Amino acid sequence: MSLPAATGAAFRQVFGEPPAGVWAAPGRINLIGEHTDYNDGFALPMALPQTTVVAVRPRTDGLLRLHSTRGDGRVTVLDTEALAPGAADGWARYPAGVLWALREAGHPVGGLDLHVDSTVPAGAGLSSSAALECAVALACDDLHTLGLPRTELAGLAQRAENAFAGVPCGIMDQIASLCCTEGAALHLDSRSLALRQVPFDLAAEGLGLLVIDTRVSHDLGDGAYAALRAGCERAAGLLGLPALRDLPPGDLPPALGALPPELVPLVRHVVTENARVGEAVALLSAGRAADLGPVLTAGHASLRDDYRVSCPETDLAVSAALAAGALGARMTGGGFGGSVIALTPAEAAGTVTRAVTGAFARAGHRPPAVLRATAAPGAHRAAPAG
Ligand code: ADP
Ligand code: MG
């Protein structure tokens, strides 16, 4: 049975009635452009075939009843009228936060029953949180015929994560889950929310793209993310700029000379990373996807040495992949663990997978989980049968 069909059937088991519909939203990787979205900059994500699926049925009594195959088996019951940051905890913060954000924005969204299932690994830097938010946001938009543009739904989903789940993330994950299209990477301008689909057909180019989930998540992530974001905002303020996106690469040397030393590596990462997104888009547009490799690897070095959000496991996955013939590799997502992407010649994908797995075993790390990525569709209403 397909995941949407299984999710619909499970909904019926939990709530005793069939759902009104089933919606799916994908996880994502980011090819390049990390920690740039909250600096008003650029990113180049693509959707993964792994999705989060929600089966939903509206209620007329204002109750929000939530159930997930990844939960503790219980149904969480909340009152939509009483939703406010702090009113929910655990995983319920993500779907409840989306309803809260929609209602805060004045949209007439009432109660509902919701069951969730997913193939997006949680906490792996592949954005299972945004996949969940975006599936719920699209379901509400469809069920209540709100007709909201996807970029607006992404903003509301981001608000749910910021205000309700307490994670100060930028907008890239939600835009990726809602706006990516099959066979393309998505060029995102985080300031204007201008989007451009950049064709990325790995198979036609003779390439493979591995996603190596290191299966580690270092706890310092949460506070460190907020501190990095605050550092970038302080640097922009000191330079008299609205955001670091407004610093052209050519102005970097004098700007770095004017900043306190602790902000220098942050600014250097953000400015060079924005430039790498431009390089990557130019290469893809010129049909030179194989030449992306060095851009990805340079991005990893910048995250490791300047932004300092990599960790021994992600660094090892990158170095082992490169030594085994990957064309380029980098951590993807916020960092402090999570996943690494490796671009390989198609025929080298197996060799690279074995090399990384072997290197992890020798270092005494848990075996990584390795997925093969293709550029999959963004969020959509799913056919519940089949
Ligand atoms: P990432 O987004 O990288 O996967 P996060 O820590 O941002 O990592 O989000 C993971 C959290 O999202 C989980 O701890 C859980 O609370 C929630 N979540 C994700 N997928 C599901 C799901 N299918 N069911 C319930 N909660 C989920
Ligand atoms: Mg997340």
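Values in this document were obtained by computation on a predicted structure and should not be read as measured data. Whatever order the structure lists them in is the order used to number ligands and atoms, beginning at 1. Atoms considered below: every heavy atom in the structure, side chains included; atoms not considered: hydrogens, waters and symmetry mates.
- Of the charged side-chain nitrogens involved, at least one lies within less than 4.0 Å of a carboxylate oxygen, so that Asp40 and Arg191 count as a salt-bridged pair.
- Looking only at atom types and distance, the side chain of Ser302 has no donor-acceptor partner in the side chain of Glu273 under 3.5 Å away.
- The ligand atoms of ligand 1 that sit less than 4.0 angstrom from a heavy atom of Ala122 are 4 (O).
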Let me have the donor-acceptor pairs involving side chains of residues 326-345, under 3.5 Å, with sequence neighbours excluded, atom names and distances please.
from   : atom 1 : to     : atom 2 : distance (Å)
Arg330 : NH1    : Asn30  : O      : 2.7
Arg330 : NH1    : Leu31  : O      : 3.1
Arg330 : NH1    : Glu34  : OE1    : 3.4
Arg330 : NH2    : Glu34  : OE1    : 2.7
Thr332 : OG1    : Asn30  : N      : 2.9
Thr332 : OG1    : Asn30  : O      : 2.9
Ser339 : OG     : Ala124 : O      : 2.7

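- For atom 26 (N) of ligand 1, the nearest protein heavy atom lies closer than 4.0 Å.
- Comment: Arg234 engages Glu262 in a salt bridge, judged by a side-chain N to carboxylate O separation of less than 4.0 angstrom.
- Considering backbone and side-chain N/O atoms, Gly123 comes within less than 3.5 Å of an N/O atom of ligand 1.
- Arg308 CZ: 12 or fewer foreign heavy atoms inside a 6.0 Å radius.
- Among the atoms of Ser118, none of the N or O lies under 3.5 angstrom from an N or O of ligand 1.
- Arg12 has no carboxylate O lying under 4.0 Å from a charged side-chain N of Glu17, or vice versa, which leaves the two without a salt bridge.
- Less than 4.0 angstrom separates some heavy atom of Gly125 from each of these atoms of ligand 1: 3 (O).
- For the ligand labelled ligand 1, residue Gly333 lies outside the 4.0 Å heavy-atom shell.
- Between Phe11 and Phe15, the ring planes are tilted. Angles from 30° to 60° get that label.
- Under 4.0 Å from ligand 1, the heavy atoms of Ser68 that appear belong solely to its side chain.
- When non-hydrogen atoms are compared, ligand 1 lies under 4.0 Å from the backbone of Leu126 (N, CA, C, O) but not from its side chain.
- Contact analysis puts Val116 in contact with ligand 1, with a non-hydrogen atom separation below 4.0 angstrom.
- For atom 9 (O) of ligand 1, the choice among Ala165, Ser217, Ser129 with the nearest heavy atom turns out to be Ser129.
- Here the shortest heavy-atom distance to atom 19 (C) of ligand 1, taken over Gly337, Ser128, Cys169, belongs to Ser128.
- Around the Mg ion (ligand 2), the protein contributes the following N, O or S atoms under 2.8 Å, ordered by chain and number: Ser129 OG.
- Heavy-atom contacts of Arg70 reach the following atoms of ligand 1: 20 (N), 21 (C), 22 (C), 23 (N), 24 (N) (cutoff under 4.0 Å).
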